[in-house]
Amino acid sequence: MKFTVESSRFAECMRKIQPAVGVTKEKKEVTENSVRLTMTKKQKIKEGYIGMAVSFDGKKQLFSAFLINELEMEEEDYDAYISGKKLCDITNALNNGNEAPLSLEVGKSCIIKKGGNQIQIPLGEEPVIIAPTNDWLVRTTMDTKKFLEILFRAGRFYDSGADGVTGSVCIRFDMENGKFQMSSTDTYKLAFYGDSVKYELPDSVKEEGSEQKKELLYQVDGDQLKILTKFLTGKNTEICAYEKYLYFKSEADIAMFMIKDAGDNPYALSGVISMANGHSRASKITALPKDVLETLDVFDVANQGEEPFVYITKNKTGGLCFSTKAKTYKGIVPCKVEGKFKDMILNSKFFRMVLDNYDKEEAMSIFVGDSNEGILFKDAEETEDFNIVIRITE
C-alpha cells in the first residue's frame, strides 16, 4: 500500500492524535503504542480519498481524518499499524514549509519520503480501538467556541496529584432543565459553568413506557480533557454520552474519553450547587476585575517571598483595602460594598485565578458571608454560573 498526501495536512492530522499516542513501559522494555491508519477506496471524493488516523492510550481515543491525493493498493480497505511516536515526530519534522508532497509506503516496514528525505520506521502491533456505536444515552450539539469557553472556565480547577482530590472534571447532562454543565475543584477554588442546550434521546427512551433519566453525571480526568482546546476546530461540536465514555465530534475529528472511576471520592455536584444557592450573601461587592487585578499586581510585588495571603478590609472612605499581614503595603480597590461586610483573608494566587474567569472590563459581584463560607463570585445575579474561593483562617 502506498499513498501521497499534502505534508502540512498530514502533519496536522498527526498533531491532533499525538496526545493519545501512548508509550507502554513493562519492566525494562519500552514499547511505543501504534497508530492505526485506515485507507479505503470506498470514500473517494473529487480531491482524492479520505484516510483516518486513530490513537488510543487507555484513557482517551482520538480520530482525525486526512485527504489522500493518490492511493495505490489492491484491497478495497487497508489498515496499517505504525509506531505512533516515531510517525508523529517524523511527519512534524518534515512539515518544514517545503510544500513537496509526502508519500508513505507500507510493506514489511513503513517508508516515508519527502523531497530528498527518506525515513524507514517499524510497523507496530494492532492497537486496541473502540468503535463508536449507536447505543448512546443522550446527544446534543453546541457551538464549539461556547463549549471550549465552558471547558476553560469550569474545567481548570483540579489537582491530579493531590491526595483526597478527585483530579477530575464533573460533566452534567441535565435533561430535565435542558442544561449542559461542567464543574471542577481542588478544594481551594471551585468553578461551575454551563449553557442551555437541546438534547436528543435515543429511540429506546422515546418509546412509550421507557424510563428517562433526569440527569447524567460523569467524571473525566482533567489532564485528559484539556486536550480538547486544540483538538476541536469545527464550528460546532456534537457531544454524546455513553455508559463508559464521552464522545466529542467536530467536523471529521472525534475524541472519546473513558469515564473515570472515582471510587470512594466522587464529585459532590449536588453539594457544590447547594453551597452556592445556600450562601448567606451577607455582603455584596460590585467591582471591575481589572481594578482588583491591578491592586493584586502591586500586592504581589510588595509581598515578594512572603505567604501570598491578602488581607481585605472595608475602607472608611469607600471601597476595599488590600494589605499584607505586616501592613507594609496597603492598596485601595474602588468598588461598591453593600450589606454587612466581614474582614477576610484570601490566597492572592487563587483569587487571581478565579478573576481570570471574568471579563476584565465588566462589573462582577463578590459575595461575602460567614467565616465558614467561601467567597462566591458571579458575573450576573441571575446567572447559574459561579466560582468559589475558600477563605484563609488564622
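Considering only heavy atoms from C-beta on, K179 comes within 4.5 Å of S196 through its side chain. Annotation: side chain of V298 is not in contact with side chain of V301 (no heavy-atom distance under 4.5 Å). Side-chain contact check for R172 versus I273: some heavy-atom pair is nearer than 4.5 Å.
Side-chain atoms of N387 and Y193 form a donor-acceptor pair, as typed in the model, at a separation below 3.5 Å. Between the side chains of T324 and N303, no donor-acceptor pair of N or O atoms lies under 3.5 Å. Side-chain atoms of N372 and R391 include no donor-acceptor pair closer than 3.5 Å. For the residue pair D89/N92, the side-chain donor-acceptor check at 3.5 Å is not satisfied. Side-chain contact, E373 with S280: a donor N or O sits under 3.5 Å from an acceptor N or O. Side-chain contact annotation: N69 with T4, donor-acceptor N/O pair under 3.5 Å absent. Residues S7 and K114 bring a donor and an acceptor atom of their side chains to less than 3.5 Å of each other. Side-chain N/O atoms of R36 and S34 include no donor and acceptor closer than 3.5 Å. A donor-acceptor contact closer than 3.5 angstrom is absent between the side chains of K60 and S55.
In this structure, K189 is positioned above the aromatic face of F350, its NZ or CZ under 6.0 Å from the six-membered ring centre and within 45° of the axis.
Checked against a 6.0 Å centroid threshold, the rings of F180 and F173 count as neighbours. Between F322 and F299, the ring centre distance reaches or exceeds 6.0 Å. Between F257 and Y245, the ring center distance fails the sub-6.0 Å criterion.
Under the 4.0 Å criterion applied to side-chain N and carboxylate O atoms, K378 and D385 are not assigned as salt-bridge partners.
Applying the side chain to side chain donor-acceptor pair (under 3.5 Å) rule to R9 yields no partners; only residues at least two apart in sequence or on another chain are considered. Every salt bridge (Lys or Arg N to Asp or Glu O under 4.0 Å) that R139 has, sequence neighbours left out, goes to E200, E238. Residues passing the salt bridge (Lys or Arg N to Asp or Glu O under 4.0 Å) test with E381 are R281, K284, sequence neighbours excluded.
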- For the pair D223 and Y158, evaluate side-chain hydrogen bond (donor to acceptor under 3.5 Å, both in side chains) and give the outcome as yes or no after the intermediate values. CA-CA 9 Å; D223 286 334; Y158 61 87; 3.0 Å; yes
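Contact record, S168 with S184: O-CB, 4.2 Å, taken as the closest heavy-atom pair.
In this pair, Y242 and Y247 present their aromatic rings tilted. The plane angle is within the 30 to 60° band.
Summarising the local packing, CD of E75 is surrounded by more than 12 heavy atoms from other residues, nucleotides or ligands at distances under 6.0 Å.
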